[in-house]
Amino acid sequence: MKNFMGKNFLLQTETAQELYHEHAAKMPIIDYHCHLIPQMVADDYQFKSLTEIWLGGDHYKWRAMRTNGVDERFCTGKDTTDWEKFEKWAETVPYTFRNPLYHWTHLELKTAFGINKILNPKTAREIYDECNEKLKQPEYSARGMMRRYHVEVVCTTDDPVDSLEYHIKTRESGFEIKMLPTWRPDKAMAVEVPADFRAYVEKLAEVSGVSISGFDDMIDALRKRHEFFAAQGCKLSDHGIEEFYAEDYTDAEIKAIFNKVYGGTELTKEEILKFKSAMLVVFGEMDWETGWTQQFHYGAIRNNNSKMFKLLGPDTGFDSIGEFTTAKAMAKFLDHLNSEGKLTKTILYNLNPCANEVIATMLGNFQDGTVPGKIQFGSGWWFLDQKDGMEKQMNALSVLGLLSRFVGMLTDSRSFLSYPRHEYFRRTLCNLVGRDVENGEIPASEMDRVNQMIEDISYYNAKKFFQF
């Protein structure tokens, strides 16, 4: 029987253990997609309690607590103390066996705080107090946490209207870890609510200095902001879309649709899809011009619980995997850019695991030999960023593409305690490859190539691909 969270956690063979300890574990972290709050890095934020750094904003934990019968006031309520919230989480943890939360929880306690105790109601108080004492120390600040996990680069997620003042402040402070912005222009194509769209366009006009009265003006303003992001070191865009949009449209139609929605009139479903299709192409062309990598996270159904959405807003734990038929639209969109010679490096993340093979075969359609792994199958995302989901993603990529060219893992997190997800991924990767070596499916005589492959996926592929 193996020790829980021991040195060889998840590493089932000697080869896997050697691959991890001698190669993967030594690699720095490039976290090229996350949702950290830039101001916390700029200010080197000192966390007030374990609850703040661990439970604040963590809808993964909130979902588990609700499922375990915990009242909402202990998840997101304002009338409960940090200790009361943590106590309810500690009561929930023993019920999370076989859920990745159980592994993440104890991996984070171990790697961040050096605590090897199992979290449960009996140990909750001592763990809470010990962590809170450590959080008072300078090395447990926001920047301290990044140093602790050997982070080299993080890419945050930022709206085109963002000032990026905290990225600039962080860079000018001399902080040795790069914090770069990522262009996330979802609101510029969110035309479902005319008043919200108009307000956003007016904000865009203000920050860009471009007077916007028509569609072309809006694109000019976005292009100006795109150039500003590039000047601040941005190398990636990201798009959170339900599905891919690839409707046929004319320039005249898009200009008319803009005038209609900007004037306050609701659009038809067809008009919405055409506008989104046009915007995806415009953004793809901008990214190609600057040599950025475009990322697409698709397939989520968000804010399903309308009652709780009205109460708490988005990103509070009421989203789920969606079911869309999007392969044809994805292919049509990528083909359009490719036919124009404007398809930049691209990462595709699916949320429904039934699309793993769809994505893995889509990549090969648009690889052009200019960049190794130009079109990437993104790592297991959201509900899939756990052992089973990561294994399925890597197996599909291995069978239908080149796992060796994979740019690896990211946190996709708002938490400074989420970096162990890279360790979890690396252990899973080493276990998969190590098992193949032990089974004779990869020749033991090729261990130099295998070792390099592990280091590449853990670090070097991302560093070269994004040119960090």
Tell me yes or no: between the side chains of [X] and [Y], is some donor less than 3.5 Å from an acceptor?
X      : Y      : answer
Asp44  : Ser141 : yes
His23  : Ser458 : no
Thr361 : Glu357 : no
Asp315 : His59  : no
Thr51  : Asp82  : no
Tyr45  : Arg143 : no
Thr111 : Tyr149 : yes
Arg405 : Gln376 : no
His226 : Asp287 : yes
Tyr298 : Glu242 : no
Gln294 : Thr344 : no

Are there more than 12 heavy atoms of other residues, nucleotides or ligands under 6.0 Å from atom NZ of Lys392?
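No.
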
Consider salt bridge (Lys or Arg N to Asp or Glu O under 4.0 Å). Of Asp31, Asp385, Asp412, which one does Arg421 pass it with?
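Of all the options given, the one that passes is Asp385.
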
Derivation of the salt bridge (Lys or Arg N to Asp or Glu O under 4.0 Å) call for Glu202 and Arg198:
CA-CA 6 Å; Glu202 289 173 351; Arg198 170 120 190 183; 2.9 Å; yes

Between Asn350 and Trp381, is a side-chain contact (heavy atoms from CB on, under 4.5 Å) present by the stated rule, with each step listed?
CA-CA 7 Å; Asn350 57 289; Trp381 169 48; over 6 Å; no

Run the salt bridge (Lys or Arg N to Asp or Glu O under 4.0 Å) check on Arg147 and Glu176 step by step: do they pass?
CA-CA 9 Å; Arg147 292 187 181 105; Glu176 70 275 14; 2.6 Å; yes

Please give me the minimum heavy-atom distance between Ser208 and Ala221, naming the atom from each residue.
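Closest approach of Ser208 to Ala221: OG-CB, 3.3 Å.
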
How long is the straight-line distance from CZ of Phe275 back to OH of Tyr245, given to the nearest 0.5 Å?
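If I round to the nearest 0.5 Å, the distance is 13.0 Å.
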
